[in-house]
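Each remark here refers to the structure printed beneath this line.
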Number of protein chains: 2
Amino acid sequence: MKRQQAQGTEKETRSRLIEAGLKLFGLHGFEATSTRALAQAAGVNLSAIPYHFGGKEGLYRAMLEHIVRVKLTEIGPGMLCVMATCGNPKAGREELLEAMRQLVRTMVSVMLGSPESRSFSQIMMQEQIAPTAAFGLFHDGFFAKVHGVWTALMGRLLGVPDSLELRLRALAVMGQMVIFRVGMTGILRVVGGDKLTDEHLETITRLCIQQVEAIVAGCASALPEGPAQPAQTEAGI
Amino acid sequence: MKRQQAQGTEKETRSRLIEAGLKLFGLHGFEATSTRALAQAAGVNLSAIPYHFGGKEGLYRAMLEHIVRVKLTEIGPGMLCVMATCGNPKAGREELLEAMRQLVRTMVSVMLGSPESRSFSQIMMQEQIAPTAAFGLFHDGFFAKVHGVWTALMGRLLGVPDSLELRLRALAVMGQMVIFRVGMTGILRVVGGDKLTDEHLETITRLCIQQVEAIVAGCASALPEGPAQPAQTEAGI
DNA sequence: GTCTATAGTCGGATAGAC
DNA sequence: GTCTATCCGACTATAGAC
C-alpha cells in the first residue's frame, strides 16, 4: 500500500488540489486551512503542494485564478450581450428592460443555482472580509466587470450619464440579488430546508426583476426628465 | 518586570478579552485566531482565557453574546417604533413610509457609520460562511428580528399578508443596504479612499429610500389591488 | 514526480507557584 | 486571579530515497 489512493499520476494532481482548495479555502479561509487537509481532500501527497505551487499561498492564488476564469466564462457572453445593447443608441426601452431581465436571471442562476457556486461565493466573501494579496485578481477580473455592466444598464434605463451616484445605485440594485448568496445560511432558516429549491429561485428571480423595473420606473421620473443620453462605463469584458 | 502591562487587575480582564476577540475573530475567523494573539491584544496573560471563559470557544461565544446585546440596544428602540406603526391599523401610508425611511437611516448608520460596526459585520459574515455552534445566537437575536420588521413593514406598504414571497421580497429590499457592508472592500475601490465619507452615506441613504419607495409604489400596483389588510410576523423585539 | 521522514515553529490547554 | 513553565499535538516546508 505505497500509494494512498488511485491517482491520475499526471498533472491531474494540480487540478485535484485546486478543486480541494476551492472547497476548503472557501469553508475555512486561507489561514485556517491546513496543507494536510488540502492534500488529504485532494488524495495527493502533502509534498505535492510545495512542489506544484511553491507553497500554500501559490495554491491559493492558482485556485483564485481558476475560479475567476471559470465564472467569467459562465457570465461573459451574457454580459457582452448586455453591454452591446447598452452601447447601441438605437436600443429601445423594452430592449433594455429585456437585457436587464436576462442579467438578473444570469446572476441568480450563477450565484444561487449551481452547487459549486457556494465555494466561489465563500471565497469572494473571505476576500471582502480580509483581502489577501490576490484580492485585485478577483476584483478586477470579476466584480468590477459585473458592476460596470449594471452601471451602464441602469444609466441607460434611467437616462443619466455615468456618475458616482449611478454607480452606488447600481450597487444597491445588485444587492437585491447578492444578499441571497451572502446571507444564505440565515435565509435557509427563514425558508426552511437545507438548500434553495428551484421554486425559490424562480420566485427570487421574479421578485428581483419586478423590483428593478419598479426602480427604473420610479427613480427615472424623479429626475429632470429626459431618457436619452447613453452612459458609458469602463467595463471591458 | 513581572506584569507585562498596566492591568485593571479586576474582571476588566474579561471585557478586554472580549474587545480583542471582537477585533481578531472578525478579521481572521474563529479557527485562524490564536489564543496567544488574543491575550497579547488584550494585554492579559494567556491563561486568563481558559480561566475566565473555559477556553477559546467560550470567549468566542461570550463575545458574540456581547455584540448582539450591544447592537440590539442600538437598533431596538427604532425597531419597536416601526413595529408599533405596522401594528397600528389606523397608520396611514405616509406614516408607514416615514417609518420605512427611518429604518433605512438606522440600518445605514448602524451598518456603515460607526467604526466598530466593521468587526460586528465581519463576524456576522464569518458566521454566514461557516456557521459555528453559536450561529443561532446571532440569527435569532438579531437577523430574524430585523428581517421580521422589514417583512411587516413591506406587508403593510404593499397591502399583502405575510407569506414566503413577502419575506423574500423583504430580503431583497434589505440587500440594497447590506451590500454596502458586505462588499465594502470592493466598493472602496469603486469610490476611492479607505472609508466611506459622510457624503457617501447620505447619498446611499437617499438612494435606498428612493428605491424602496419606488418598489412599494411599483410592486403594489402589480397586485390584485387592495392596500388594506395588515401583515403580522413573529418578530418579537 | 511522488513518496517518507524530519526539522523547526506554533497551536491550545494545564499544573502549580505565588 | 495572575503568572511561568511545560506538555503534546498540528502546522508548513524541506531533504533525500526511489
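Values below: every heavy atom of this structure, side chains too, minus hydrogens, waters and symmetry copies. All chains are named by letter (A, B, ...) in the order of the sequence lines, taking the proteins before the strands, and each is independently numbered beginning at 1.
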Roughly, in whole Å, what's the span from [atom1] in [X] to [atom2] in [N]?
{"X": "H52(B)", "N": "dC3(D)", "atom1": "NE2", "atom2": "P", "answer": "9 Å"}
{"X": "Y51(B)", "N": "dA15(C)", "atom1": "OH", "atom2": "C1'", "answer": "15 Å"}
{"X": "Y60(B)", "N": "dG12(C)", "atom1": "OH", "atom2": "P", "answer": "15 Å"}
{"X": "I49(A)", "N": "dT14(D)", "atom1": "CD1", "atom2": "P", "answer": "13 Å"}
{"X": "K56(B)", "N": "dT14(C)", "atom1": "NZ", "atom2": "C1'", "answer": "17 Å"}
{"X": "E57(A)", "N": "dA13(D)", "atom1": "CD", "atom2": "P", "answer": "9 Å"}

Hey, does the side chain of [X] come within less than 4.0 Å of [N]'s phosphate (OP1/OP2), counting only N and O?
{"X": "S47(A)", "N": "dT4(C)", "answer": "no"}
{"X": "T35(B)", "N": "dG12(C)", "answer": "yes"}
{"X": "N45(B)", "N": "dT4(D)", "answer": "yes"}

Next on the checklist: As a test of reading the structure: which of dA13(D), dT2(C), dA13(C) is closest to the side chain of L46(A), going by heavy atoms?
Outcome noted: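 Nearest to the side chain of L46(A) among the choices is dA13(D).
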Item to check | Verdict with supporting geometry, F142(B) and F120(B), ring pair (Phe, Tyr, Trp, His ring centres under 6.0 Å) | outcome: CA-CA 12 Å; F142(B) 193 84; F120(B) 178 66; 5.1 Å; yes
Next on the checklist: Under the criterion salt bridge (charged side-chain N to carboxylate O under 4.0 Å, His left out), I'd like the reasoning laid out for K71(A) against E74(A): C-alpha separation, chi angles, the key distance, then a yes or no.
Outcome noted: CA-CA 5 Å; K71(A) 284 290 160 182; E74(A) 279 183 39; 3.5 Å; yes
Checklist entry - Ion pair present between E65(B) and R69(B), side-chain N to carboxylate O less than 4.0 angstrom? => result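 Result for this pair is no, no salt bridge flagged.
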Checklist entry - Salt bridge check: are E19(A) and K23(A) linked by an N-O gap of less than 4.0 Å? => result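 Between K23(A) and E19(A) there is no salt bridge, as every charged N stays at least 4.0 Å from the carboxylate O atoms.
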Item to check | side-chain contact (heavy atoms from CB on, under 4.5 Å) between V173(B) and Q211(A), worked out | outcome: CA-CA 9 Å; V173(B) 169; Q211(A) 293 189 174; 4.1 Å; yes
N/O-N/O pairs, protein side and nucleotides 7-10 of chain C side, under 3.5 Å:
none

Checklist entry - Hey, does the side chain of K195(A) reach the backbone of L188(A) with a donor-acceptor pair shorter than 3.5 angstrom? => result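 The answer is no, because no donor-acceptor pair under 3.5 Å joins these two groups.
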